[in-house]
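In what follows, a single structure is set out as structure tokens and then discussed.
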Amino acid sequence: MEWLMAQPVWLQALFATLFTYAMTAFGASFVFFSRRIRPPVLILMQGGAAGIMIAASFFSLLAPAAERLEGAGAMSALVLGCGFAAGGAFILAAELLLRRLRGFSDGKKRSGALTFFAMTLHNIPEGFSVGVAFGSLAAGDAAGWVAAALLALGIGIQNFPEGLCVSVPMRRQGYSAGKAFFYGQLSGCVEIAAGVLGALAVGAISALLPWALAFSAGAMIAVSCAELIPACCNEGKMLAAGGIVFGFTLMMVLDVVAKFFV
């Protein structure tokens, strides 16, 4: 631990976000077992992915953004509202663009691409958060270092089901297991770059975080409501509802538990 604390903050952020990425990849790897899972269980899992995304949009994105804007008055409502609306609009614009591209004329593939975009967007501010936490450390601040490391641990715990959110729905939408895993783990790669950037440019990134968090929340809600929920409800409304409730509960509990580490 002393060796790691002695390293430059950007290197500490790199190690931390490599861990959070690995947890995303670990979750995505479960797609290789999806062929052995019965269809009702897959419906539950896809509903769970929607529930996880909805819960993450609030507990992991909007709530932290609101905390960072505490004391900003009316500006906080403006940032949250505009950021959230912009994220939803981005997904709608992406949907219209993908409809025009030949490779995404299939609705299922288009849905998978949108889920990937939304989860990738969600991981960018998470990576920034870890980078900012390490970049803000004063030399020799052991207590602050432990808090930053535990923040990375909490985000890593959350990332495990998030890897499933991308890979399992894509598998059900016709992608091969290898491609579904590739895109699932790829959605977590952005956390590494965002973490290093956050540590190097802590002041500017910290100011932009509330906007990025709200934007990502809007994108995730739009994908969940427009793509994931309708897809699983069409195949079994009650099973889908059970999966959504389970996924939301799981993500909420993980987020609350993770806060005990910070």
Look at the side-chain heavy atoms of Ile, Leu, Val, Met, Phe, Trp and Tyr, link any pair under 4.5 Å apart, and say whether [X] and [Y] land in one connected group.
X     : Y      : answer
Met75 : Leu62  : yes
Leu69 : Leu78  : yes
Phe59 : Val245 : no

Original post:
Of all heavy-atom pairs between Val31 and Ala177, which one has the smallest distance, and what is that distance?
Top reply: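 Reported closest heavy-atom pair: CG1-O, 3.6 Å.
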Quick check: closest heavy atoms across Gln185 and Ala25, and the distance to 0.1 Å?
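In terms of heavy atoms, the two residues are closest at CB-CB, 3.8 Å.
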Review point. Do Asn123 and Ser187 pass the side chain to side chain contact (heavy atoms under 4.5 Å, CB included) test, and can you show the C-alpha distance, the side-chain angles, and the key distance before you say yes or no?
Key: CA-CA 7 Å; Asn123 284 331; Ser187 69; 4.0 Å; yes
Could you walk me through whether Phe134 and Val130 satisfy the side chain to side chain contact (heavy atoms under 4.5 Å, CB included) test, starting with their C-alpha distance in whole Å, then the side-chain angles of each, then the deciding distance to 0.1 Å, before giving a yes or no? CA-CA 6 Å; Phe134 281 98; Val130 174; 3.8 Å; yes
Is the count of non-hydrogen atoms from other residues, nucleotides or ligands lying under 6.0 Å from Phe246 atom CZ greater than 12?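 No, because the 6.0 Å sphere around CZ of Phe246 holds 12 heavy atoms or fewer from other groups.
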Can you establish whether the number of heavy atoms outside Trp10 located under 6.0 Å from its atom CH2 is more than 12?
->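 Atom CH2 in Trp10 is not crowded, with 12 or fewer foreign heavy atoms closer than 6.0 Å.
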- Nearest 0.5 Å please: distance from the CZ atom of Phe182 over to the OG atom of Ser176.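 So the gap between those two atoms works out to 11.0 Å.
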Exercise. What's the spacing between Thr120 OG1 and Leu186 CG if we round to 0.5 Å?
Worked result: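 It comes to 6.5 Å.
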request  = Look at the aromatic rings of Phe181 and Phe32 and report parallel, tilted or perpendicular, splitting at 30° and 60°.
outcome  =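 Answer is tilted, since the angle falls between 30° and 60°.
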| query | Going by the angle between their ring planes, with limits at 30° and 60°, are Phe116 and Tyr183 parallel, tilted or perpendicular? | reply |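 Ring orientation of Phe116 relative to Tyr183: perpendicular.
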